[in-house]
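These numbers come from a predicted model, not from an experiment.
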Amino acid sequence: MDFRDLRIARAMEFAIHEINNRTDLLPGITLGYEIHDSCESVPKAMKFALQLANGIDLVFNYTNFCTTAATPTVPAVVGDSITIPSISLARTLGLFGIPLVSHYATCACLSDKREFPTFFRTIPSDAHQAVALARMAKYFGWTWIGAVRSDTEYGNYGMAAFLKAAQEEGICVEYSEVYSRTQPRRKLERVANIIRRSTARVIVAFVQSSDLQFLLDDLTQEPPTALLWMGTSWIINPEFLRFNICAGALGFGVTRTIRDELKRVNFTTKNGYQVSFDSNGDPVAVYELINWQFQKDGTLNMVTVGDYDASKLRGQEFRMSSAIRWVGGQTEMTVSVCSESCPPGTRKAVQKGRPVCCYDCVPCAEGEISNKTDSLDCVHCPPEFWPNTKQDSCLPKPVEFLSWDDTLAIILTGFSITGAFMAVCVTAVFYKHRASPLVRANNSELSFLLLFSLTLCFLCSLTFIGRPSEWSCMLRHTAFGITFVLCISCVLGKTIVVLMAFRATLPGSNVMKWFGPPQQRLSVLSFTLIQVIICLVWLKISPPFPFKNLKHYKEQIILECDLGSAIGFWAVLGYIGFLALLCFILAFLARKLPDKFNEAKFITFSMLIFCAVWITFIPAYVSSPGKFTVAVEIFAILASSFGLILCIFAPKCFIIVFRPEQNTKKHLMSKVPSKPL
């Protein structure tokens, strides 16, 4: 005995009596009914329907005709409770234009108005329920599911609609099995074993209640890991609730009927009649025909049909929304996925030969991030950003430059100030003893100019420290180039003076008049002016500028001065090198002149150090990374400057301060005996 169908019949009987007893609902119209039990048999259902259509008077279970004078032809048939008899009834009654309204037949095939023009229903078709099931699975994250169906129109049409909706929602189906209770038992056992072995924890079933009964009975023999069953019409059968207790592993999910949604929103019909429910939550009275439509945004929409003439009802389909309700004591959320979610910092990589729901979580490549769960791809950070350790967000890259608070910068600054202080001290010593023979003999004017230029050389190294800016980039290279040329020009002038002085001692020589103080000043000015012109052309055509180097280090930015024109930079260095080499050659030629104090040999050593420093500077400059490039350049400036001041001025200061007896004209004029070659 199916007590649910009996309860529905009682509810319809009650509703008809309520309507007939009211004068404000259908004035002048009295509803009658006959209720028959088709026993889920197509022949019986057809027999009763044809008898009703032809007005044949028989003895039935319940009778309440509108008139006792004659047996009228019925205007409409309500039923059947399941799909297969409803299909046969709809085909037959449609020929006579008799409406057939079903409360339980869900096959999407019945929505074809060309084949079933007079069929209506008050339950969603499987097409809508399949979409609702797919959306429910997607909402709860059940992307890896199993599918079972009966080998009937209900099962085949319903499952086809669900598989299509599941694919659109990105849900993967591990298996899709079909069976019927009339098939051999080994077929049923095969389906049950597939369910036991599968990794899907959620099963969607479009099955007849009688078919599901056999499957659940078999599963209880060897209960699988806890399963969640999703279904439509069969799920409301209270008989299946016992499997949740007996098996201890089967839970049931159900799409709830419209009553739950109406109760949630305390819905009132357009005519003001409140829908009421009994203790079981079933509607006991519905006072108007309503078309329930499931909107795209998931909301409910009620459309009153209006006139109840059957001819005007054609083309309408009664549908209702579906939502979610748990039954059977289900308390924990089921997880049914082929692969666990990929956390931020990783991306999905589909496993070869398997569905898209089965994937590996691959860490993002270097420089890439993913900031959400289950990312399909990783994205590159912007050029000035770099991923954090988890690779789920981009952080600004640290900017590297030789800052003032850097230890290396502090050391170099100390040497720079020390060198400048030494130059000032030497200048003070020379100025105090400017009338002494040693200072006068070594061309005091060029010596003071050389000391001034050396002071500038030491201080110009400070322009290389700190955050590069447009002005600092232009200043550091031009100041360095000009001050060093001024320095080398003074050394070159002193070297030429030494050579000329030796030539002047020869009988009949008057070369000193061609390279006196005016000519010395002019030579220094001319050599320096050439470098100034080179720097101006460089700054005019393509000056140095601050540049963010993003290529040398991937995880940080090097803030440096771009040379602008590499030709300009190497022209400045090349000119300094040319003067230094010329000075070295001339000093080398004068190193063995027979003077008591020969300055040429000290100039030779200073130029040797200078050239060695700058020759080694080139490969070190090219290969040094980041702030060390600047440090190498500062080191070259300081090393060559210290070489000049120590080699040229340290011996003189030593004599002036510690050997004053040698700072006499007699001592300087005494000849050094020549050595045999």
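You'll find the ring centres of Phe415 and Phe458 outside the 6.0 Å limit.
Remark: Ser526 OG to Gln531 CD distance equals 14.0 Å, nearest 0.5 Å. Atom CZ of Arg467 sits about 5.0 Å away from atom CZ of Phe401, to the nearest 0.5 Å. In this structure, the separation between CD1 on Ile171 and OG on Ser336 is 10.0 Å, given to the nearest 0.5 Å. Atom CD1 of Ile534 is separated from atom CG of Leu539 by 12.0 Å, given to the nearest 0.5 angstrom. Atom CD1 of residue Ile465 and atom OG1 of residue Thr413 lie 3.0 Å apart, to the nearest 0.5 angstrom. Rounded to the nearest 0.5 angstrom, Leu454 CG and Phe649 CZ are separated by 6.5 Å.
Between the side chain of Ser469 and the backbone N or O of Ser472, at least one donor-acceptor pair lies under 3.5 Å. Formation of a donor-acceptor pair under 3.5 Å by the Trp142 side chain with backbone atoms of Ala200 is not found in this model. With Ser339 contributing its side chain and Tyr359 its backbone, the two residues share a donor-acceptor pair below 3.5 Å.
Taking the side chain as every heavy atom from C-beta outward, Ile609 and Leu646 never approach each other to under 4.5 Å. Side-chain contact between Leu450 and Leu446 is absent, with no heavy-atom pair separated by less than 4.5 Å. When side chains are defined from C-beta on, Phe545 does not count as touching Cys473, because their heavy atoms never get closer than 4.5 Å. In this structure, the side chains of Leu573 and Phe480 come closer than 4.5 Å at one or more pairs of heavy atoms. Residues Ile645 and Met422 meet the side-chain proximity criterion, which asks for heavy atoms closer than 4.5 Å.
Annotation: side chain to side chain donor-acceptor pair (under 3.5 Å) contacts of Asp405 (sequence neighbours excluded): Ser403. Ala349 meets the side chain to side chain contact (heavy atoms under 4.5 Å, CB included) test with Arg347, Val362; sequence neighbours excluded.
Surrounding CZ of Phe452 are at most 12 heavy atoms belonging to other residues, nucleotides or ligands under 6.0 Å away.
For a disulfide, the SG atoms of both cysteines must be under 2.5 angstrom apart; this fails for Cys357 and Cys338. At least 2.5 Å separates the SG atom of Cys457 from that of Cys487. For the cysteines Cys381 and Cys394, the sulfur (SG) atoms lie within a distance shorter than 2.5 angstrom of each other.
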For Ser393 and Asn371: C-alpha separation, side-chain torsions, deciding distance, then whether side-chain hydrogen bond (donor to acceptor under 3.5 Å, both in side chains) applies. CA-CA 6 Å; Ser393 64; Asn371 56 5; over 6 Å; no
When you look at Ile145 and Ile203, which way does the side chain to side chain contact (heavy atoms under 4.5 Å, CB included) test go after all the steps? CA-CA 6 Å; Ile145 64 175; Ile203 301 176; over 6 Å; no
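Side-chain contact of Ser416 with Ser461: a donor-acceptor pair under 3.5 Å is present, judged by distance alone.
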